[in-house]
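For reference, the structure is listed below as structure tokens.
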2 protein chains.
Amino acid sequence: MQELIKFINQYSNLSESSVVALEQRVVFESYEKNEIVLRQGDRANKVWFIKKGLLRKFYYNNGKEITTWIHAENEMFTSMHSYFQQKPSQETIQAIEDSELISLSYEKSVELNQYPEFNSFSQELLTKQFSAIDEFSKRFSLMSASEKYNALIEIAPEIIKRAKLGYIASILGISQETLSRIRSKK
Amino acid sequence: MQELIKFINQYSNLSESSVVALEQRVVFESYEKNEIVLRQGDRANKVWFIKKGLLRKFYYNNGKEITTWIHAENEMFTSMHSYFQQKPSQETIQAIEDSELISLSYEKSVELNQYPEFNSFSQELLTKQFSAIDEFSKRFSLMSASEKYNALIEIAPEIIKRAKLGYIASILGISQETLSRIRSKK
DNA sequence: AATTTCTTTTGACTTAAATCAAAAAAACGA
DNA sequence: TCGTTTTTTTGATTTAAGTCAAAAGAAATT
């Protein structure tokens, strides 16, 4: 729980009363490896914070799973468009290691918006996360396969260390075989 | 001005008093073809609405201009990450036709946030625009050159009609020659 | 510990699109 | 209107990465 508070404080400074308000509203959840946290088509009515574990976001394209990102400890995640617009999610979120999460529902987060600290936190989180996605997709679209791989090592070493080859290749938009060859030469 | 109000009303319903408050704060601006509206490195301290004209967003990569999008009449634009985080812009915005714009500064928009209608408008605009960018980049990254071109015809016919080949190719992340060949066969 | 299943590697071949170069067409300015 | 500059088209060639197929290696299940 301290990790979550620390995370939020990066964006906005929580008062003692707002910390209490937060603690009263969060829920602890556990998922086993391969369990689905959010299914495509369902509404993302929560945001989650990762205490422990690894979570994968993906969607289907012609029956194939396309992994878009993998989140690790001390990160927050949700299906952004689904949560902020309260519409069905395009993406599925799956635990790819046994995971322990702290969740906050949309309704409770609306309650917390009475506290201006939370208001600015969610605005900033929204902006930063989307900016990051935007920048990531623009930067990566101009790189070769191995440049993308090297850039991912820099920005997300946890993914490289813990996720399997196929998922990493999918994030980079390259084939498994190509990633395997990139790794073998060096 | 009615066009702008109509635009905002798509997201949120403006009261009469908030319309007046808005009218008192906007500024009309004109740009000639090729003029720069926002320069890379400068802070985007405005959002603009297009009454007339065509505006191009681009950034530099290895000295080459990469066009990310082109906006036409009745759309709002700004450098999203720069405006919402009030940081220097990565992208440059340029008029590529003689253009007439209505602008609202960041400071004035903060004033308008006293009106809850504007608050929900800017939150929704932020969410929708970023969701659109996100979806666009994900969908397009899996398509072939000609599939991307056909998809762009669907979602942005104005760009296809009015922007030059090189800009369109750049948005699609393909070479000019490839786009020219796609067009010639059909 | 053995068998089955899943994941990664390696090889051979194909292909979509990039690059380089030059010609043709269109737009612009004096 | 003519010459200059910009933009688009066409042709020839190269290349990065995909696909298909099979082997090797690792992990999970009984």
Side-chain angles (χ1 to χ4, degrees), chain A residues 31-36 53-54 56 58 61-67 70 94-99 137-153 158-186, chain B residues 31-36 53-54 56 58 61-67 70 94-99 137-153 158-186:
Chain A
Y31 293 89
E32 288 189 359
K33 181 171 175 175
N34 294 329
E35 244 191 289
I36 300 298
L54 209 58
R56 170 173 85 111
F58 67 93
N61 183 275
N62 294 95
K64 271 186 62 187
E65 293 181 358
I66 309 295
T67 299
I70 289 170
Q94 177 192 37
I96 55 173
E97 291 180 0
D98 293 347
S99 300
S137 61
K138 277 172 188 152
R139 270 186 66 203
F140 276 60
S141 69
L142 297 168
M143 294 179 185
S144 69
S146 68
E147 286 171 335
K148 287 192 276 191
Y149 179 64
N150 289 324
L152 192 66
I153 291 174
E158 282 304 299
I159 295 178
I160 303 292
K161 266 180 252 155
R162 294 158 66 185
K164 68 184 179 194
L165 183 102
Y167 293 160
I168 298 169
S170 185
I171 290 176
L172 298 176
I174 65 179
S175 71
Q176 298 203 79
E177 294 94 328
T178 294
L179 180 53
S180 175
R181 289 185 177 106
I182 288 167
R183 283 184 162 175
S184 73
K185 60 188 63 144
K186 59 169 183 168
Chain B
Y31 293 89
E32 288 188 359
K33 181 171 175 175
N34 294 330
E35 244 190 289
I36 301 298
L54 208 59
R56 172 174 84 110
F58 67 94
N61 183 275
N62 294 96
K64 271 186 62 187
E65 293 180 357
I66 309 295
T67 300
I70 289 169
Q94 176 191 38
I96 55 173
E97 291 180 0
D98 292 348
S99 299
S137 60
K138 277 172 189 152
R139 269 186 67 202
F140 275 59
S141 69
L142 297 168
M143 296 180 185
S144 70
S146 68
E147 286 170 335
K148 287 192 275 190
Y149 180 64
N150 289 325
L152 192 66
I153 291 174
E158 282 304 299
I159 295 179
I160 303 292
K161 266 181 249 153
R162 294 157 68 184
K164 70 185 179 194
L165 183 102
Y167 293 160
I168 298 169
S170 184
I171 291 175
L172 298 176
I174 64 178
S175 70
Q176 297 203 78
E177 295 93 327
T178 295
L179 179 53
S180 176
R181 289 186 177 104
I182 288 167
R183 282 183 163 175
S184 73
K185 61 188 63 143
K186 57 169 180 165

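Chain identifiers are assigned alphabetically (A, B, ...) following the order of the sequence lines, protein sequences preceding nucleic acid strands; residue numbering begins at 1 within each chain.
dT7(D) atom P lies 11 Å from atom CD of E65(B), rounded to whole Å. Nucleotide dT9(D) holds its P atom 13 Å from the NZ atom of K185(B), rounded to whole Å.
In terms of heavy-atom proximity, L172(B) sits nearest to F140(B) at CD2-CE2, 3.8 Å.
The stretch residues 161-173 of chain A comes close to DNA chain C through K164(A), L165(A), G166(A), each having a heavy atom under 4.0 Å from the strand.
Scanning for side chain to side chain contact (heavy atoms under 4.5 Å, CB included) contacts around S141(B) gives an empty result, with sequence neighbours left out. Residues forming a salt bridge (Lys or Arg N to Asp or Glu O under 4.0 Å) with K148(A) (at least two apart in sequence, or on another chain): none. Remark: E65(A) pairs with R56(A) by the salt bridge (Lys or Arg N to Asp or Glu O under 4.0 Å) rule, at least two apart or across chains. R162(B) is linked by a side chain to side chain contact (heavy atoms under 4.5 Å, CB included) to L54(B), A72(B), E73(B), E97(B), E158(B), counting only residues two or more places apart in sequence or in another chain. Partners of Y31(A) according to the ring-ring contact (aromatic ring centres under 6.0 Å, His included) rule, which considers only residues two or more places apart in sequence or in another chain, do not exist here. Under the side chain to side chain contact (heavy atoms under 4.5 Å, CB included) criterion, R139(A) pairs with E135(A), M143(A), A151(A), I155(A), not counting sequence neighbours. Judged as a side chain to side chain contact (heavy atoms under 4.5 Å, CB included), and not counting sequence neighbours, the contacts of N34(B) are Q94(B).
Contacts of L179(A) with the nucleic acid, taken as non-hydrogen atoms under 4.0 Å apart, are absent.
For DNA chain C, the span of nucleotides reached by chain B at under 4.0 Å from its heavy atoms goes, 5' to 3', from dA17(C) to dC28(C).
End-to-end axis angle for the helix from dA1(C)-dT30(D) to dA30(C)-dT1(D), using five pairs per end and rounding to 10°, comes out at 50°.
Between dA17(D) and T178(A), no contact under 4.0 Å exists linking OP1 or OP2 to a side-chain N or O.
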Quick one: which protein N/O atoms are closer than 3.5 Å to N/O atoms of nucleotides 20-27 of chain D? Pair and distance per line, please.
residue : atom : partner : partner atom : Å
dC20(D) : N4   : E177(A) : OE2          : 3.2

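Judged by distance alone, with hydrogens and angles left aside, the side-chain atoms of D98(B) form a donor-acceptor pair with the main-chain N or O of K33(B) at under 3.5 Å. In terms of modelled atom types and a separation under 3.5 Å, the side chain of S180(B) and the main chain of E177(B) share no donor-acceptor contact.
Taking CD1 from I66(A) and CG from N61(A), the interatomic distance works out to 5.0 Å, rounded to the nearest 0.5 Å.
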Distance-only check: which donor-acceptor pairs under 3.5 Å involve side-chain atoms of residues 164-171 of chain A, not counting sequence neighbours?
residue : atom : partner : partner atom : Å
S170(A) : OG   : T67(A)  : N            : 2.8

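Heavy-atom nearest nucleotides on DNA chain D were determined for S180(B) and for K64(A), and the one closer to the 5' end corresponds to S180(B).
Within the 4.5 Å cutoff, side-chain heavy atoms of I174(B) are placed close to those of I182(B).
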